[in-house]
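For the numbers below, each heavy atom of this structure counts, side chains included, while hydrogens, waters and symmetry mates do not.
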Amino acid sequence: MSKITKLFKPSGGSGSSSKSRKGGPSAQEALFRLRETEEMLSKKQEYLEKKIEQELATARKHGTKNKRAALQALKRKKRLEKQLTQIDGTLSTIEFQREALENSHTNTEVLKNMGYAAKAMKTIHQNLDVDKIDNLMLDIREQQDVAQEISDAISTPTSFGEEFDEDELLAELEELEQEDLNKHMASVTLPSVPSGKLPSRPVSTRKRVEDDDDMQMLAAWAN
């Protein structure tokens, strides 16, 4: 038996002690009572704070004109402030007790649920055989390997006997490209060459003068 389960196993004892545990308040009841008390004390706080404001206003009203009434109002204010301080302390104690009780109740519920879960896991594991699990996982891995081999075989491309020389295919491709180029060149029409004499380029006057001077110089050297 697990330790968590033992926490909630009813232990033997005297009849009186068992009855006292059964007759005790539940966590929900105790929390409800504490919240009621907190609400009551909070309302008391509000009442005392209003009374303190009233007594302070009374003391200011009388001031030095009626010192006796002013002092009485201040005394009442002091007593009310003392009660208010006591209520603050009581509320702090109750709040601490309520939080502790809430935490204890939460922890108890958590432990109960953990105990139920432990029992459920124990029941499930009783019907399981570790050797069978190992064999099952081994079968699963083997089937996964087989499935992977099948996937690899299917995804591998095959030529189905169609084997060709890549160099021959490239040479044939070049021939086809050359044929296309020859056909294209044959379809291109070139412009016709003119049969007549092309017109001469006009010579400028300055150029003719320079040529005449050159001819005269050549003639002088020849003589």
Side-chain angles (χ1 to χ4, degrees), residues 1-137 140-141 144:
M1 182 179 296
S2 63
K3 295 181 179 180
I4 295 177
T5 307
K6 290 180 180 180
L7 290 173
F8 304 99
K9 183 179 179 182
S11 59
S14 61
S16 60
S17 61
S18 178
K19 290 181 180 179
S20 62
R21 285 197 300 272
K22 289 182 179 180
S26 64
Q28 290 85 350
E29 292 174 348
L31 288 172
F32 179 74
R33 294 288 183 88
L34 288 174
R35 292 192 182 99
E36 280 189 336
T37 304
E38 281 183 298
E39 185 177 356
M40 178 189 67
L41 291 176
S42 296
K43 291 180 179 179
K44 181 74 174 191
Q45 268 185 328
E46 294 177 0
Y47 171 77
L48 291 176
E49 289 173 353
K50 291 180 180 179
K51 290 293 293 182
I52 289 172
E53 291 294 333
Q54 292 176 359
E55 296 298 338
L56 185 59
T58 302
R60 287 175 177 173
K61 178 181 178 180
H62 293 290
T64 55
K65 297 178 182 180
N66 190 347
K67 290 185 178 180
R68 182 177 179 181
L71 291 175
Q72 291 294 329
L74 291 176
K75 288 180 181 179
R76 290 193 296 270
K77 184 180 77 70
K78 290 293 184 181
R79 289 195 298 269
L80 293 172
E81 287 177 346
K82 185 177 181 180
Q83 293 181 31
L84 186 60
T85 302
Q86 292 175 347
I87 290 177
D88 289 338
T90 304
L91 279 173
S92 298
T93 303
I94 291 176
E95 183 179 1
F96 175 79
Q97 187 179 14
R98 177 176 54 78
E99 291 176 353
L101 183 58
E102 288 175 347
N103 292 333
S104 298
H105 177 64
T106 301
N107 293 336
T108 302
E109 293 299 322
V110 170
L111 289 174
K112 282 183 180 179
N113 294 332
M114 291 175 66
Y116 295 149
K119 289 181 180 179
M121 291 177 64
K122 185 176 181 181
T123 302
I124 294 171
H125 291 161
Q126 285 177 351
N127 300 324
L128 295 178
D129 188 351
V130 178
D131 295 333
K132 291 182 179 179
I133 295 175
D134 292 337
N135 294 332
L136 176 62
M137 296 305 299
I140 292 174
R141 284 192 292 269
Q144 288 177 344

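- Annotation: side-chain contact (heavy atoms from CB on, under 4.5 Å) contacts of A117 (sequence neighbours excluded): none.
- Taking OG1 from T85 and CG from L48, the interatomic distance works out to 10.0 Å, rounded to the nearest 0.5 Å.
- Legend: salt bridge (Lys or Arg N to Asp or Glu O under 4.0 Å) pairs involving residues 99-111, not counting sequence neighbours, sorted by first then second residue: R35-E102, R98-E102.
- Within the 4.5 Å cutoff, the side chain of I140 has heavy atoms near those of the M137 side chain.
- Each salt bridge (Lys or Arg N to Asp or Glu O under 4.0 Å) pair with one or both residues in residues 42-51, not counting sequence neighbours, appears once here: E39-K43.
- By the side chain to side chain donor-acceptor pair (under 3.5 Å) test, D88 is found to be paired with Q45, residues two or more places apart in sequence or in another chain being considered.
- Note that CD1 of I52 is 5.0 Å distant from CG of L84, once rounded to the nearest 0.5 Å.
- Between A70 and G63, the closest heavy-atom pair is CB-O, 3.7 Å.
- Summarising the geometry, atom CD1 belonging to I124 is positioned 13.5 Å from atom NZ belonging to K122; distances are rounded to the nearest 0.5 Å.
- Scanning for side-chain contact (heavy atoms from CB on, under 4.5 Å) contacts around Q28 gives S26, H105, with sequence neighbours left out.
- The two residues P25 and E29 come nearest to each other via the heavy atoms CA-OE1, 3.4 Å.
- Taking the side-chain contact (heavy atoms from CB on, under 4.5 Å) definition, one finds that D129 meets it with D131, K132, sequence neighbours left out.
- With sequence neighbours left out, the side-chain contact (heavy atoms from CB on, under 4.5 Å) criterion links T37 to M40, L41, I94.
- Atoms CG and CZ, from L31 and R33 in turn, are 12.0 Å apart once rounded to the nearest 0.5 Å.
- Scanning both residues, L101 and A27, for their nearest heavy atoms gives CD2-O, 4.0 Å.
- The side chain to side chain donor-acceptor pair (under 3.5 Å) check on E81 picks up K77, with sequence neighbours excluded.
- Judged as a salt bridge (Lys or Arg N to Asp or Glu O under 4.0 Å), the pairs with a partner in residues 52-76 (not counting sequence neighbours) are, in order, E55-R76.
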